[in-house]
A.B. asks: 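First, the structure itself, so that you have it in front of you.
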Amino acid sequence: MTHTPPVPPVREVQPSPRQMMLRRALRHRGLLFGGAVMLVILLIAIFAPLLSQHSPYAQSLMARMKPPVFLGGEATHWLGTDALGRDYWSRLAHGARVSLMIGLFAATISALIGSTLGILAGYFGGRVDMAVTFLINVRLAMPVVLVALAVVALFGGSLTVVVTVLGLLLWDRFAVVLRAATMQVRKLEYVAAAEVLGASLPRILWKDILPNVMNHLIVIFTLEMAHAIILEAALSFLGLGVQPPTPSWGLMISEGKEMLLFEPWLITIPGVALFLLVLSINMLGDGIRDVTAPEGRN
Amino acid sequence: MTDPILSIRNLTVDLPRGADRPHAVEALTLQVQPREIVCIVGESGSGKSITAFTTMGLLPKALTPSSGEVLFEGRDLLTLPAAEHAKLRGRRMAMIFQEPMSALNPCYTVGDQIEEMFEQHTTLSKAERRARTLHLLDEVQLPDPPRIYESYPHQLSGGQRQRIVIAMALALDPALLIADEPTTALDLSTQAQILHLLKDLREKHSAGILFVTHDFDVVAEIADRVVVMKQGRIVEQGPAEEVLTRPRHPYTRLLIDAVPRRSRAVGQDLSRSPEILRVAGLDKTYHIRGTMFRPARTVHACRDIEFGVRRGETLGIVGESGSGKSTLVKCLIRLEDPDNGAVWVEGTNIAGYSRRALHPYRKDIQIVFQDPYGSLNPRRTIGDQLAEGPTNFGEPRAKVMARARELMRIVRLEPEALNRYPNQFSGGQRQRICIARALMVEPKVLIADEAVSALDVSVQKEVLKLLNEIRDRMGLTVLFITHDLRVAAQVCDRLIVMQKGEIVERGTVDEVFGTPKHAYTQKLLAAQPGQAWEVPDIASLPPARLDAMGGLI
Amino acid sequence: MLLFTLKRFGLAICVALTVSAISFGLLYMAGDPAVAIAGENASSVDIAAITAQYGFDRPLLVQYADWLGGALTGDLGRSWYFDLPVTQIVTDRLGVTVTLGALAISFALILAIPMGVAAAVRPNSLIDRAALFLSVVGQAIPSFWFGLILIVVFSIKLGLVPASGSASWKHFILPTVVLGYYATPAIMRLTRAGMLEVLSADYIRTARAKGLDTRKILFKHALRNAIIPVISLAAVQMGFMLGGSIVVESIFALHGAGYLAWESISRNDLPVMQALILVFSMFYILFTFLADLLNAWMDPRLRVG
Amino acid sequence: DQASGTLNLAFSKEVETADVYFNTAREGLLLNHAIWDGLLYRNPETGAYEGNLATDWTWIDPTTIEFKLREGVTFHNGEAFTADDVVYTVDYVTNPDNGVKNLANVMWMERAEKIDDHTVRLILKAPFPAAEDFLAGPVAIYPDEYYAEVGPQGMGVAPIGTGPLKVAELDPGKHFVLEANEAYFDGPKGASAIGRIDIRTIPDVNTQIAEFFNGTLDFLWNVPADQAEKLEAMGRYEVVNAPAMRVGYISMDAAGRSGESPLTDKRVRQAIYHAIDRQTILDALVKGSSKVVDSACAPVQTACAQDLPSYEYDPEKAKALLAEAGYADGFTIDFYAYRDRPYAEAMMGFLDAVGIKTNLNYMQYAALREQHRKGEVPMTFLTWGSNSVADASAMTAEFFTGGPQDDARDPEIIDWIQQADSTTDKEKRAGHYKQALTKIVEEAYWVPLFTYNVNYVLGPDIAYTPTDDEIVRFFAFDWK
Ligand SMILES: Nc1ncnc2c1ncn2[C@@H]1O[C@H](COP(=O)(O)OP(=O)(O)OP(=O)(O)O)[C@@H](O)[C@H]1O
Ligand SMILES: Nc1ncnc2c1ncn2[C@@H]1O[C@H](COP(=O)(O)OP(=O)(O)OP(=O)(O)O)[C@@H](O)[C@H]1O
Ligand SMILES: [Mg+2]
Ligand SMILES: [Mg+2]
Ligand code: NI
């Protein structure tokens with residue numbers, strides 16, 4: 001055998017991971033739907049002041065509970081007014097901000113706590129893992145709704161308190177999933193290779209572990225974001241969520257619930273909005289999970 | 001000639017749209033006679049398993065047979081209703097799979113799982129079923145059948161499990177037995193036993209066996225006839241003796257040529273060159289914490305390991321799975337901390353160094369791992385990963401990238417590949433990239449831990465050649481870990497043989513393979529399949545002639 | 001096994017202790033409990049008397065040790081509100097909640113497992129899509145909203161079932177649906193994913209090669225393996241449900257532990273809250289423990305050889 | 001409903017114990033009236049006090065009353081009612097060691113003395129003009145032998161009284177079944193026309209209304225104004241609105257207990273008074289028979305003067321006052337509340353309009369009261385129901401006599417109220433109260449808002465006339 005083998009060409013057919021992800025994303029119906037709804041809500045939240053000519057706080061006690069246009073109301077308040085005569089559309093639009101903010105911040109706090117714990121436990125194993133597992137167990141054993149209610153009841157329900165409490169209570173899934181994912185990635189040989197090549201610990205965590213557990217992180221982030229939004233609504237429903245007159249959707253449902261049997265639209269409108277938001281976040285999360293399924297083994 | 005048991009004619013199986021080729025199997029024709037072992041060989045992805053699955057009626061939903069026929073006992077299986085086909089399975093045709101570890105349901109005793117065959121296909125009473133099962137267990141040479149009968153799969157070794165699967169397959173005396181790489185996952189001595197068992201059983205049960213493998217040594221050991229496949233097509237078939245010693249098709253020749261020889265052209269004399277790495281008294285014990293339901297135990301993965309390697313030398317480390325080979329190298333590169341012992345690299349003992357103190361010595365020893373898919377980070381470009389090492393040792397980016405480009409050329413990849421991601425490369429290409437990555441920091445010692453085990457023979461050959469070249473060109477010292485004795489013989493200067501964490505034998509290749517002293521080494525050597533087969537010298541064969549379609553004339 | 005059980009038990013105690021310590025600290029940090037005991041219309045005179053009577057002027061640690069000592073002997077103190085032993089109140093209310101939780105988890109399992117299996121057997125089929133739809137929608141429907149809608153439709157409009165209370169089995173229908181529906185998506189997804197994974201496992205291929213009929217393959221070989229993680233999840237969900245039945249109980253006026261918890265929060269009845277947090281966490285620990293045992297029984301790999 | 005002969009009612013909160021001396025809930029007071037009797041009875045129509053367990057009573061001196069007890073009365077368990085029961089009850093509840101919860105209800109009594117089996121004397125600690133009202137309200141007479149045996153806990157789960165209704169079943173906090181007391185004496189309350197009353201606890205108003213629609217509840221009370229309007233509009237149910245003794249008010253930290261605060265400036269407080277359109281809130285949200293008040297007590301209460309100065313709704317004037325006080329640009333302040341969130345929000349809207357930004361802290365009553373007592377609350381919306389005691393002292397004494405909930409700490413007011421409460425001269429008393437109430441308005445220590453009202457909704461086959469003291473008299477129901 002005398003000939004040298006030809007230089008094997010790079011497999012042109014295979015696009016880069018990012019291109020593949022994008023391609024899959026564009027074919028994923030759930031992701032597109034979730035993304036679109038989410039985008040609309042996001043835009044509404046951002047441009048809330050421009051989209052409504054009334055202030056969400058302006059009361060008009062003589063024009064209470066005016067029905068929305070589709071139930072025979074007037075066009076000035078096309079979604080009607082609430083029990084204090086405030087414009088429902090304006091509150092809904094501004095409420096999108098609050099709900100998104102609660103979801104984002106609470107999920108961010110828990111992501112920071114949970115993924116740090118999870119990644120450290122998964123990477124180091126041994127005692128660190130035991131300690132983290134214990135913490136996770138403690139956290140799981142605490143009844144979330146009960147503790148959240150108690151804390152909000154005792155410390156008052158400002159936005160900050162609610163976000164912090166939810167953030168401090170919802171990190172378990174981050175920790176559990178990232179711990180498992182990190183353990184898996186840590187066993188892979190490229191981590192060993194990086195170590196042998198003299199990479200420092202932070203560098204390995206940052207460059208080799210984090211990017212490869214990122215898809216889990218994002219998926220859990222969306223789940224917990226939805227979870228936080230629903231929980232806040234539940235707290236508000238029980239009267240222990242954020243403080244009025246902040247226009248949170250949960251609060252709107254809680255205020256509208258009083259008239260459930262007589263003016264059902266009062267609770268239906270924010271209820272549907274909340275449902276759509278949570279639905280879109282969840283679909284987005286599911287989509288991301290499908291789309292970012294780690295490629296490699298074809 | 002008697003009637004064939006199985007006769008596949010002109011079979012074509014379509015792949016789903018978007019696959020890299022339109023057909024998994026194309027225009028395939030083959031026959032299996034009673035008491036005949038027909039081996040299908042070919043590289044990964046050539047359609048061997050698909051052929052087997054089509055016959056069994058176990059094709060994944062995505063794949064559909066589009067033309068041809070599969071005649072079994074006079075009936076065309078492709079047109080047979082699924083329910084009828086299911087009735088044949090297990091009773092008239094049976095199958096053994098590659099992965100014994102996962103082929104059995106972990107939730108039921110193996111006795112129960114064998115008995116299911118009788119339950120499904122016969123009307124035997126409970127007691128009879130049990131008796132027949134115990135008999136089968138005895139027949140596949142399992143010790144203490146009543147105990148095995150009550151065991152769960154996880155309580156048995158891989159070889160034992162494979163025997164259970166075989167027992168299951170033979171339960172109802174099928175006319176056809178299909179074995180899809182049944183020994184690939186087993187170690188040498190177990191493989192030898194299973195092959196022996198199959199040969200015996202063919203006689204006793206008068207079944208025809210379709211045996212799928214990619215290992216020519218196994219073919220040489222058991223095949224009556226050989227079918228060679230490439231990309232879904234049969235390129236050559238004939239009696240074993242004929243195909244193995246006088247292959248006619250270039251592809252068959254390429255494959256056989258790639259089979260490592262059992263000897264190596266003697267390299268340069270190294271007795272004068274200085275010792276670059278020395279290991280002494282190295283111990284490593286794993287304490288496995290008792291998990292929820294299992295008691296704790298300790299494993300002595302390495303015990304009192306001692307050896308030295310000279311500059312430019314290739315030291316082979318062989319031994320069965322679990323003998324401690326990987327643990328040893330992990331201790332050398334300090335992915336694990338040895339419990340005891342010293343590791344001298346050019347006179348510096350790095351065994352006890354802290355992480356920080358070790359840093360400058362890191363680049364002296366580099367490693368290439370087995371799994372071509374797991375050893376590259378899928379989220380980083382090749383260039384970024386190649387640059388990792390030198391960057392960590394503070395080299396300027398420009399210089400690093402220049403070197404990366406050069407190394408890409410050395411491992412025969414285009415420099416543009418640096419901007420791509422691992423998923424855009426094949427397994428063999430990935431192994432080259434890993435070698436390049438290891439070489440980026442200009443190591444003194446390169447460890448290859450089963451670096452070619454996961455590759456097809458032809459690719460394996462390329463990579464081995466590359467390694468050889470690089471070693472000679474750069475004066476590298478190589479620790480070559482493998483369980484494949486052929487490979488070891490071909491690339492190593494000296495060998496050490498490990499068993500249960502200890503070195504049981506050492507010496508030059510000729511010493512170890514020619515006059516093994518330790519019983520374990522002897523056993524290992526004896527278990528090699530196809531020893532009678534002398535790999536032909538392809539260059540000396542007459543040139544092949546092909547028709548326009550790539551078929552033989 | 002025994003050793004393991006003991007270890008698990010020890011761990012469980014540690015977890016429960018930590019939970020109780022955290023909640024104790026948290027609850028006592030905010031405000032003077034004496035006011036809570038005195039109640040809405042009490043005057044200033046009453047409050048001073050109560051502070052002394054209950055010993056709220058002692059250091060927190062002493063109070064905790066006191067409480068813990070009592071808890072170990074089954075004495076969780078007296079409710080400030082009802083002035084009855086907490087143990088009595090809690091055990092009294094727990095019945096409804098445990099019944100509800102058991103019904104709800106059964107409902108969820110009965111709904112989710114067949115759907116999950118059906119979805120996995122025919123991926124991308126109509127039933128798979130329906131299951132997926134149900135699970136996505138189920139995750140997004142706030143349970144309080146769902147509960148109110150059910151009352152309006154099934155109780156007021158159709159008059160099929162009572163709206164509130166716990167007097168007969170009929171009263172449990174709506175709460176069971178609301179609470180159970182909440183756990184359904186997760187269980188269904190896990191069943192589906194587990195079945196999909198198991199169905200592509202080698203031993204299923206072996207079973208098919210043996211010529212077994214589909215029913216046997218699905219139910220004997222596949223489901224048994226796929227169900228193992230579902231058991232753990234169901235245990236966790238059941239634990240969550242007990243703690244999370246607050247909303248459902250308050251809507252349907254079920255006087256269970258969840259409702260008691262919520263009321264105790266409004267009443268600042270710390271001994272009861274404290275006990276409930278402890279009880280809920282104990283339940284969670286108990287369920288996960290039972291699930292582990294059940295799994296060990298189901299999965300021989302987890303048994304001691 | 002009538003068919004089953006059972007009247008179905010719902011409490012919206014759990015009652016901690018049926019022993020009325022150990023609960024402070026409104027529901028407890030209702031049970032008190034149904035199961036027990038006081039010595040006296042206040043006729044809800046005339047407001048006059050009538051004999052109940054006592055047939056006759058005379059003031060011997062300002063601190064001694066002598067009662068002639070009704071003869072032939074028995075408790076539900078058959079125990080005869082005598083002077084011993086009165087003496088035992090008074091001695092028990094006034095003994096601080098027994099830890100009665102509502103001390104204010106009983107601590108004005110010193111002791112009781114038995115003269116003979118049916119004559120008893122009550123000795124007061126000091127002259128106490130509201131004594132008759134308390135004796136007609138919260139002070140129930142217990143059976144001495146039974147109570148000595150079972151104590152508060154036994155009484156809590158198996159109450160025994162002399163009242164028109166007796167307890168047939170009791171599940172603490174959850175469920176009460178009352179039955180008519182066939183042997184009830186011929187007193188001012190009258191016997192119960194309905195044989196059986198079933199009271200469940202249903203916290204959610206919607207659920208209550210749902211059950212009401214289904215006919216599984218016969219009567220609702222405390223129905224919020226909006227829902228009551230809708231129910232009335234349906235035409236099938238009778239909705240009755242009755243005034244309540246509860247008064248809503250904003251208390252401001254004039255004494256500066258919570259630290260540096262704009263509210264220490266009288267002009268700022270007056271501005272707040274001017275800024276809130278109480279009438280509009282009342283018309284839009286509170287509705288019913290409520291009235292805007294300027295008194296720090298309920299108009300129905302004795303000595304609660306109504307001809308007081310007032311501040312009309314005038315946002316411009318409010319702004320001017322603020323500017324004068326140096327807050328032309330307004331300020332931001334914490335605002336606390338514990339109930340009626342929409343009312344609070346409405347007030348916040350009005351304050352916002354004159355430049356006062358408020359951060360709402362909506363918390364549980366216990367927590368708010370605790371913080372208020374510590375003097376950490378600059379401004380809060382509170383209400384007070386006076387335990388249905390129809391006397392101005394039930395409110396002013398609690399909040400303007402220098403106690404921990406006194407945000408004004410005005411020595412003059414403290415003095416006037418103390419003088420008023422230690423005299424039995426009705427004229428003088430009224431005079432002092434008027435002085436105090438006037439100064440509270442002038443200094444704008446509080447913004448008294450409005451009285452509350454209660455909506456009662458009657459099922460189709462129910463006959464009942466609600467009263468104006470927030471007390472549902474279970475024994476006064478009848479079928480149509
Ligand atoms: N379920 C499937 N869906 C799509 N393509 C498949 C599927 N299974 C196999 N293939 C494709 O069919 C071709 C033949 O595969 P097959 O499994 O028969 O290869 P093989 O010769 O058995 O290889 P190996 O030695 O790796 O087992 C390959 O290109 C493979 O990618
Ligand atoms: N991290 C670990 N923890 C516990 N036990 C381990 C660990 N790594 C290896 N072992 C055990 O140590 C022994 C030696 O393992 P090692 O991986 O070194 O074998 P090997 O010779 O490389 O086998 P193979 O050929 O399968 O790669 C085995 O019994 C293995 O189970
Ligand atoms: Mg194959
Ligand atoms: Mg190894
Ligand atoms: Ni060649």
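To find a chain, count down the sequence lines: A is the first, B the second, and so on, and within it residues start at 1.
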A.B. asks: Within a radius of less than 6.0 Å around CG of Leu126(C), do more than 12 heavy atoms belonging to other residues, nucleotides or ligands occur?
C.D. replies: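 It does not: Leu126(C) CG has 12 such atoms or fewer within range.
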
A.B. asks: At a heavy-atom separation under 4.5 Å, does Ile253(A) approach chain C through its side chain, its backbone, both, or neither?
C.D. replies: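 Looking at Ile253(A), just its side chain touches chain C.
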
A.B. asks: Specify which of Val138(A), Asn137(A), Val145(A) makes the most heavy-atom pairs with chain C at under 4.5 Å.
C.D. replies: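 The residue among Val138(A), Asn137(A), Val145(A) with the greatest pair count is Val138(A).
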
A.B. asks: Looking only at the side chains, is there a donor atom on one of Thr97(C) and Glu249(C) sitting less than 3.5 Å from an acceptor on the other?
C.D. replies: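 Side chains of Thr97(C) and Glu249(C): pair found under 3.5 Å.
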
A.B. asks: For residues 278-285 of chain C, please give each side-chain donor-acceptor pair under 3.5 Å, one per line with the distance, not counting sequence neighbours.
C.D. replies:
residue: Ser281(C); atom: OG; partner: Ile277(C); partner atom: O; Å: 3.1
residue: Ser281(C); atom: OG; partner: Leu278(C); partner atom: O; Å: 2.8

A.B. asks: As an exercise: rank Ser264(C), Ala12(C), Ser250(C), Cys14(C) by heavy-atom pairs under 4.5 Å with chain A and give me the winner.
C.D. replies: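 It is Cys14(C).
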
A.B. asks: Does the side chain of Thr222(A) come under 3.5 Å of the side chain of Asn282(A) through a donor N or O and an acceptor N or O?
C.D. replies: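 No.
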
A.B. asks: So for Leu17(C), is it side chain, backbone, both, or neither that comes closer than 4.5 Å to the heavy atoms of chain A?
C.D. replies: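 When you check distances to chain A, no heavy atom of Leu17(C) falls under 4.5 Å.
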
A.B. asks: Name the option with the most non-hydrogen atom pairs under 4.5 Å to chain C; the candidates are Val147(A), Ile267(A), Leu274(A).
C.D. replies: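 Most pairs with chain C among the choices: Ile267(A).
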
A.B. asks: Report which part of Leu140(A) has an atom under 4.5 Å of a heavy atom belonging to chain C: side chain, backbone, both, or neither.
C.D. replies: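 Both backbone and side chain.
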
A.B. asks: Ignoring hydrogens and angles, write down the donor-acceptor pairs under 3.5 Å from the side chains of residues 132-149 of chain C, residues two or more places apart or on other chains.
C.D. replies:
residue: Ser135(C); atom: OG; partner: Leu132(C); partner atom: O; Å: 3.0
residue: Ser135(C); atom: OG; partner: Arg189(C); partner atom: NE; Å: 3.4

A.B. asks: Among Thr268(A), Val278(A), Leu146(A), single out the residue with the greatest number of heavy-atom pairs under 4.5 Å to chain C.
C.D. replies: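 When all of Thr268(A), Val278(A), Leu146(A) are compared, Leu146(A) has the most.
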
A.B. asks: Would you say the side chain of Arg179(A) lies within less than 4.5 Å of the side chain of Val176(A), judging by non-hydrogen atoms?
C.D. replies: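 No, their side chains stay 4.5 Å or more apart.
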
A.B. asks: Which bit of Ala234(A) is near chain C, if near means a heavy-atom gap under 4.5 Å: side chain, backbone, both or neither?
C.D. replies: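 Looking at Ala234(A), backbone and side chain both touch chain C.
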
